[in-house]
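Single-structure report; data block below.
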Amino acid sequence: MSAPRILATGRCLPQRVVTNEELSRRVDTSDEWVFSRTGIRSRHFCVEETGLDLAAKAACQAMDRAGVTVADVGVCIVATFTPDHASPSTACLLQRELGLEEDTVCFDVNAACAGFLYGLKTAHALLSDSPRPCALIVGAEVISRVMDMTDRNTCVLFGDGAGAAVVRREESRIWHTVFGTRGDRSSIRVQGPGPAPAAIHMDGKAVFRFAVEVVEKSIRQLLAAEGLSSINDLDLVVCHQANARIIDFVAKRLGAREGLFYKNMDRCGNTSAASIPIALDELAESGQLRPGMRIVTVGFGGGLTWAGALLRW
Ligand code: ACO
């Protein structure tokens, strides 16, 4: 069996930090309301930075740390639902920015907050007949560009950022995945290009119900695939960082030990496809994620989509 091995990660967050307190001067909300409902205290918003800027910085960091050069990269996938342009894709622009070879397979995927794992699965498959051994997968979002900053229901939830991973295909590693899609335009929808201003429309309660259902189900399926009877047999669980209450709810349902589920939404908000690679990079950089650890990661979001993977770091 072959599996993708994540050689290294990187991340880039825009410089500007926006606190709940600052947002409470724009809409009728408070730090207390946002933090108690979501676990979010602050997030980063782009001012000058583009999605490509964030993606390139995160990708360069991951490549440097992995010790790979452009000659090693045969696949470049950017997961995003907020690209700088409908076309060219961010992945194509990243090819030029990084100087990747012209035969590199470059494209964007849009699976909302599950996008990084859709990208990882796709990259692993494409590497099977790539002339080069490595793939670059980047989650990059500038969600502030599609937010209605007068809508308190959504403008407090999201943030901008990018996370990247360099992956190589290796034999005999653990690799179980689950994927799901449930076509639904009422729970969460982002206004596309057109005369109306950009905006995220979300039924928060419906999204909450969907998220806790599919995250718990995905983790149970992944544990069963690996023959594990308890979530506490894992070393770490890294879920999409939408909301602390979603994570706490699932952790409790599964009887997880304290600290097993990582959380960083207090500082980043919900960065959609970027949230999992940003979290992985924070964990790796701080030494909490070490080689040999058995981890589960799960993404979920608009589409509706979800995806989970059990892998060895
Ligand atoms: N500040 C103050 N009050 C607010 C705010 C705010 N920022 N936002 C909503 N409210 C109000 C509402 O208007 C409502 O007032 P009303 O009763 O007078 O109408 C009241 O608070 C309660 O609203 P609810 O929606 O019932 O609040 P709830 O407890 O469900 O929390 C939340 C809302 C945080 C959005 C919750 O539903 C949730 O976490 N849902 C999941 C959303 C999510 O994670 N989305 C992202 C996943 S998908 C993706 O990542 C793309």
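In listed order, ligands and their atoms are each counted from 1. In this chain, residues are counted from 1 in sequence order.
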Please determine, by modelled atom types, if [X] and [Y] share a side-chain donor-acceptor pair under 3.5 angstrom.
X: Asp151; Y: His201; answer: no
X: Ser230; Y: Asp233; answer: no
X: His124; Y: Ser2; answer: yes
X: Ser286; Y: Gln288; answer: yes
X: Ser144; Y: Asp160; answer: yes
X: Thr82; Y: Glu141; answer: yes

Please check if a non-hydrogen protein atom sits closer than 4.0 Å to [atom].
atom: atom 29 (O) of ligand 1; answer: yes
atom: atom 8 (N) of ligand 1; answer: yes
atom: atom 13 (O) of ligand 1; answer: yes
atom: atom 37 (O) of ligand 1; answer: yes
atom: atom 2 (C) of ligand 1; answer: yes

Which atoms from ligand 1 have a heavy atom of [X] less than 4.0 Å away?
X: Lys205; result: 24 (P), 26 (O), 28 (P), 30 (O), 37 (O)
X: Ile246; result: 44 (O)
X: Cys113; result: 49 (C), 50 (O), 51 (C)
X: Asn243; result: 38 (C), 39 (O), 44 (O)
X: Ile188; result: 48 (S), 51 (C)

How far is [atom] from its nearest protein heavy atom, and which residue and atom name does that atom have?
atom: atom 21 (O) of ligand 1; answer: Trp33 CZ2, 3.3 Å
atom: atom 32 (C) of ligand 1; answer: Arg245 NH2, 4.4 Å
atom: atom 43 (C) of ligand 1; answer: Val207 CG1, 3.8 Å

Side chain, backbone, both or neither: [X] near ligand 1, heavy atoms under 4.0 Å:
X: Val156; answer: side chain
X: Asn153; answer: both
X: Asp28; answer: backbone

Arg209 with Glu213: basic N within carboxylate O range, under 4.0 Å: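 Salt bridge between Arg209 and Glu213, a charged N being under 4.0 Å from a carboxylate O: no.
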
message: Run the salt bridge (charged side-chain N to carboxylate O under 4.0 Å, His left out) test on Arg267 and Glu282 for me, step by step, so that the C-alpha distance in whole Å, both residues' side-chain angles and the decisive distance to 0.1 Å come before the verdict.
response: CA-CA 12 Å; Arg267 294 167 279 118; Glu282 286 185 358; 3.0 Å; yes

Any N/O pair [X]/ligand 1 closer than 3.5 Å:
X: Asn270; value: yes
X: Ser272; value: no
X: Thr29; value: yes
X: Gly204; value: yes

- request: Could you name the option among Arg152, Met265, Glu141, Arg209 that has the heavy atom nearest to atom 11 (C) of ligand 1?
  value: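 It is Arg152 that holds the nearest heavy atom.
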
- prompt: Where the closest heavy atom to atom 45 (N) of ligand 1 is concerned, which of Arg37, Met202, His240, Glu32 has it?
  reply: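 Ranked by closest heavy atom to atom 45 (N) of ligand 1, first place is Met202.
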
- prompt: Any chance CZ of Arg26 has more than 12 other-residue heavy atoms, nucleotides or ligands included, within less than 6.0 Å?
  reply: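 At most 12 heavy atoms, drawn from other residues, nucleotides or ligands, come within 6.0 Å of this atom.
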
- request: Among Leu136, Thr104, Leu93, find the one that has a side chain to side chain contact (heavy atoms under 4.5 Å, CB included) with Leu98.
  value: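 Going through the options one by one, the only one that passes is Leu136.
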
Result of checking Lys217, Gln221, Arg220 against Val178 for side chain to side chain contact (heavy atoms under 4.5 Å, CB included):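 One option only clears the test, and that one is Gln221.
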
query: Are Val238 and Leu310 in one and the same hydrophobic cluster, where Ile, Leu, Val, Met, Phe, Trp and Tyr link if side-chain heavy atoms are under 4.5 Å apart?
result: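 No; Leu310 is not reachable from Val238 via cluster members.
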
message: If hydrophobic clusters are built from ILVMFWY residues whose side chains come within less than 4.5 Å, do Ile77 and Leu94 share one?
response: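 No, it is not one cluster - the side chains of Ile77 and Leu94 are not joined through contacts under 4.5 Å.
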
